[in-house]
Amino acid sequence: MQLTPADLELSRTHPQSTELYLSIYKPRIVMSCLVSGSVPIGAMEITYKSVSTGTYLNVEEGMTLLAGTTPGGREQGKVRIRSATSTRFNVAENSDIDWENTTHLSVLRHWEIWPKYPRIFLNSNSVDVTFYKDYDIEYDAQLFTEGQNSILGAFPCAGTHRAGFVGDYLYYSSTGTVPLITGTTQTYSWTFEGGTPSTSTSGTPGNVQYNTAGHYATRLIVTNSNGATDTTYRYVSIYNRPGNSSENLPIQKWEIDTVSGSRDEGGYTANIKITDESIPSINDGDVVVIWSEDWYGNTKQSIGGNSPNNSKVFFVGHVKNNTIRYDYKSSVVEFQVASVTDTMKEAEGFAISVESKSEPSAWTELIDMDARRAIYHYLKWHSTVLSSTDFEFVGDDQKVQFFDSDRESLFDAIDNYMRTSLLGKLCADRQGKLWAEVGAYGSTNPTGTFPPIQSIIKRDWIGEPDIEERFIKPTSFIEMGGVSYDGSGFGAYLSQAPGNAPGTRGRVDNFTGLTVEGQAHLNEITGHMFANMNSQYPSIDLDLAGNYRQLDIAPQETVRMDISPVDTNRGITINSPYLIDSMTWKYDSKNKVMLPSAGLISLVNGRAGETVLIPEIPDEGGFDIGGGFGGFPSFPSAPSFPSPAPVVVEVLDDCNSLTFNKFPINWTPTLLIGNTATRIASAPFPCTLRQSSPTFKSFITLNAVYYGDASTKFSVFAVNNGVRVATAVRNNLGFWEFNLLSDLAVTGFEIELESGVGSITSGYGYGDIIETGDMGNNTTVCVTGNLYSIEAYTGYWATPWAPYVGQKYYNCYTHSGNSPANGGVGRSGIDGLFKLVYYGTGEETYAEQVDYNYGRIYYTAVGNTIVLKISGPPVSGNYYGMKWALRNAYVRGRMIQLATSYISNVCAP
Amino acid sequence: MPAGYSGSYGFNGTKLTLQPSKGQWESKDILGRDGSGRAIYPSMGDFTLIWGIMSTSEFKQLNDYFLYVSNTGTIVSDLPKWGDVDYLFYSYSGTLLNRPSVGSYFSEYVEDVRLLITNIRVS
């Protein structure tokens with residue numbers, strides 16, 4: 001949280017001390033009774049008798065019903081109460097409690113976190129189904145004026161669970177309660193059990209005083225102007241101060257080593273050991289509050305925490321299931337405490353699916369859905385999370401057409417959605433508030449959206465920061481895909497970074513299924529993601545010199561790391577924002593000192609990624625097999641391929657000895673024929689793919705036969721010793737291009753049939769460049785080998801391939817005759833810039849000028865030497881001094897073979 | 001009593017009948033040094049009361065008192081004020097008594113009895 005300058009300075013004041021107090025909320029039993037009669041396993045109506053404590057009028061929806069063999073016992077199970085009458089409890093669906101006549105029932109004033117199960121009922125016609133929520137709640141389109149999925153309320157926020165001493169004032173506000181339907185208004189109804197005042201209708205009641213020790217529950221009902229209501233409870237434990245009384249004291253003898261949390265884990269965990277002579281009763285799921293009194297110098301004040309004016313509350317969590325360990329010999333009990341997210345991880349929810357509609361008429365439809373509304377729907381109707389926890393959604397929300405959750409934990413349902421759709425996550429802060437946040441990298445302006453809340457300078461850390469430095473960028477290329485939805489239609493987008501050409505090294509990554517505004521938005525976040533995956537100083541770990549309770553793992557916030565060269569032995573300079581990714585507080589009970597360690601990750605803005613065009617799917621999926629086909633055709637048998645003849649590369653004496661990276665020439669491809677059962681064709685094809693330029697890319701062309709439907713999809717990869725090091729992208733011409741920032745040595749290729757059914761029969765590719773140098777008038781390139789045909793590309797070559805006055809290439813004209821003797825017979829260029837001719841003894845099939853960029857000579861002879869001769873441009877005029885190149889030449893055969901393997905060198909002009 | 005001198009050792013407002021023969025503030029290890037090299041000290045101090053000799057019955061009283069207060073929480077300790085220009089006693093609240101240590105027996109007496117007081121906020 002952002003502190004005032006005065007508080008920030010106070011947080012840096014020394015010496016500091018912190019006195020921690022431990023509270024375990026002990027909910028009151030509001031009704032005790034016995035099971036009456038025979039109640040079968042799985043029953044949802046539990047009749048009772050012999051009430052010994054309270055009445056059913058004390059029972060509220062959502063309270064916890066314990067079943068045990070003794071009063072207050074819970075060994076037979078527990079279940080959520082839905083309602084109570086004078087004769088029975090209506091409870092949630094259950095199947096694990098063996099209700100026995102005279103089983104003891106105890107109703108706890110405790111609203112635990114449960115999943116709520118939907119029910120799908122097959123109607124009498126055996127065709128239609130009816131959806132219910134929480135067993136029997138029907139969708140009522142006329143509930144008010146509209147149905148439940150139209151009259152959305154708000155995430156009710158009442159702050160953290162609290163603990164304190166008799167006489168303390170505890171602060172309440174509804175900060176964070178934001179309506180889901182814009183324009184609606186809210187009214188508030190607070191009930192402060194044990195507090196003064198005891199009620200309030202204000203959004204910010206402020207301070208409430210507690211004068212009697214005990215465990216209480218505060219209730220907040222938020223009523224929206226559209227009729228929606230949302231109710232939430234917070235627990236309050238009040239103790240006598242040690243020294244003032246010997247009763248109702250907080251736990252006196254206890255230890256805590258660390259409280260550590262990370263965004264990746266979604267919250268905090270801590271280990272607690274109680275060494276009191278009288279071990280208190282502790283149960284799985286109990287709410288634990290650790291609060292503090294803090295001194296900064298001589299100033300007694302607490303700092304930090306996201307719950308307004310509740311800075312004393314240091315940590316709120318729940319006792320983790322199955323972690324309580326009693327050691328009766330030493331009178332010690334140990335257990336783990338974790339954030340509410342951990343409890344959510346253990347609560348298994350049901351799969352649901354909702355679709356955005358402007359006028360919902362069923363449980364499966366939600367009004368004009370966006371991420372926030374989808375999560376609200378899930379948490380309100382499929383869990384009780386909002387009954388005891390603040391929740392806030394942060395970030396640019398997007399409309400979504402569908403929301404689906406698998407049968408997974410309550411945590412995973414939200415967290416997976418946030419991760420996959422918005423690059424975000426679900427995380428609990430130290431005080432137990434849930435934050436569903438769009439990831440910083442998913443913001444269109446990460447550093448602007450997350451300005452630093454403070455600088456971290458050398459007086460703030462102990463020792464020396466541990467700075468991770470990357471000397472090699474770990475990610476070479478990412479592709480991200482997303483979908484936009486405007487309420488009526490959707491658009492699909494792809495983006496790539498750093499652009500067409502991947503980086504030199506590193507893995508290729510992809511992210512799909514994002515929810516975006518559109519192509520520009522996707523390009524932005526693709527660029528940011530790529531930049532942050534490759535930032536030079538990706539993380540910094542440091543021990544802090546004070547308790548720095550203003551730092552937390554949620555919501556996402558940055559600090560500005562200010563490290564000058566003299567601050568570290570490595571002489572590193574850093575002055576940039578870093579996200580708080582993890583925090584670990586260590587408590588020194590002897591010195592009453594709490595010193596945290598922080599794990600920070602860098603946040604940078606990247607250059608926007610590039611749009612990847614998604615090919616349009618032709619009608620009928622693009623596969624017209626015709627002929628009234630009623631079934632799938634059998635695959636044609638694979639043709640036999642001759643092994644390529646060995647190639648002899650001759651070095652001509654009169655040629656310069658330029659060295660080139662060459663593709664090898666011998667490759668017998670493994671055919672990719674069939675369906676996904678034989679999905680990968682490997683190609684042992686060691687070569688060096690050349691660095692891409694704006695106008696050049698190594699590529700492979702597949703002679704592919706596609707069968708099947710529109711789902712048939714190939715992918716092409718370059719591999720190095722079995723590891724895929726580059727991914728080819730299919731361009732509009734059907735070539736599989738490699739976008740490389742620098743030369744990339746590979747050992748072969750893989751062609752993968754990712755989906756559908758298809759066949760690759762052959763392929764070819766190219767990748768090298770022969771630079772001829774300043775040509776003056778004539779440069780001859782010698783090409784020898786066992787040739788089938790050759791294509792020659794010519795063009796202007798500058799260093800690097802920078803365009804020259806807007807022109808990248810000049811016309812290339814191919815020879816139209818067969819005249820090895822003169823070497824100059826051929827059509828000259830329009831401007832007489834150069835000619836492309838060949839020498840050889842074979843037959844030229846044909847020659848053509850394909851376009852302004854290149855020409856082709858198809859030469860059909862085998863076992864000949866071809867010499868391509870380029871007549872360079874005039875030595876005057878605009879082209880004087882330019883370099884010209886036989887840019888690419890490749891031999892086209894039945895196999896993938898590259899002409900440059902035949903091109904041994906460049907002859908002197 | 002010289003100028004600037006006042007007070008006696010005591011707990012919870014009661015003066016110790018047998019005043020210690022010596023008392024001293026314990027030195028504290030630093031928690032670390034910040035990036036500028038400055039030492040970071042804890043704000044909590046420790047003080048040791050030392051009796052050169054006391055009877056076994058007096059030691060029992062001392063130990064019983066420790067057992068009594070150890071279960072009820074903190075006590076107020078009257079100690080020479082830390083860092084003051086004068087030798088003045090000050091009531092430090094929220095302090096904790098550690099179990100007294102004892103040296104060798106000498107006739108019916110015990111020597112070198114020490115009582116460590118911790119959790120003393122000195123700033």
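For clarity, every value in this text was computed on a predicted model and none was experimentally measured. Naming: A, B, ... by sequence-line order, numbering from 1 per chain. Worth knowing before you read on, the calculation uses all heavy atoms, side chains too, and leaves out hydrogens, waters and symmetry mates.
Between A:I462 and B:G32, the shortest heavy-atom distance links the atoms CG2-CA, 4.1 Å. Across A:Q16 and B:S43, no two heavy atoms sit closer than the pair O-OG, 3.5 Å. Residue B:M44 comes nearest to A:S17 through the heavy atom pair SD-CB, 3.9 Å, listed as atom of the first residue, atom of the second, then distance.
Neither the backbone nor the side chain of A:E464 has a heavy atom closer than 4.5 Å to any heavy atom of chain B. Neither the backbone nor the side chain of B:N12 comes within contact range of chain A; no heavy atoms are under 4.5 Å apart. For B:S36, the parts lying under 4.5 angstrom from a heavy atom of chain A are both the backbone and the side chain.
Atom CZ of A:F165 has more than 12 neighbouring heavy atoms from other residues, nucleotides or ligands inside a 6.0 Å radius. A 6.0 Å sphere centred on OH of A:Y326 holds more than 12 heavy atoms belonging to other residues, nucleotides or ligands. The environment of CD in A:E469 is crowded: more than 12 heavy-atom neighbours from other residues, nucleotides or ligands sit within 6.0 Å. The environment of CG in B:D64 is crowded: more than 12 heavy-atom neighbours from other residues, nucleotides or ligands sit within 6.0 Å. Around the CZ atom of A:F335, the shell of radius 6.0 Å holds more than 12 heavy atoms that belong to other residues, nucleotides or ligands. Within 6.0 Å of the NZ atom in B:K28, the count of heavy atoms belonging to other residues, nucleotides or ligands exceeds 12.
With rounding to the nearest 0.5 Å, the separation of CZ in B:R121 from CD in A:E19 is 7.0 Å.
Heavy-atom pairs under 4.5 Å with chain A peak, among B:L96, B:D46, B:N119, at B:N119.
Contacts between residues 575-597 of chain A and chain B, defined by a heavy-atom separation under 4.5 Å, are made by A:D588, A:K590, A:N591, A:K592, A:V593, A:L595.
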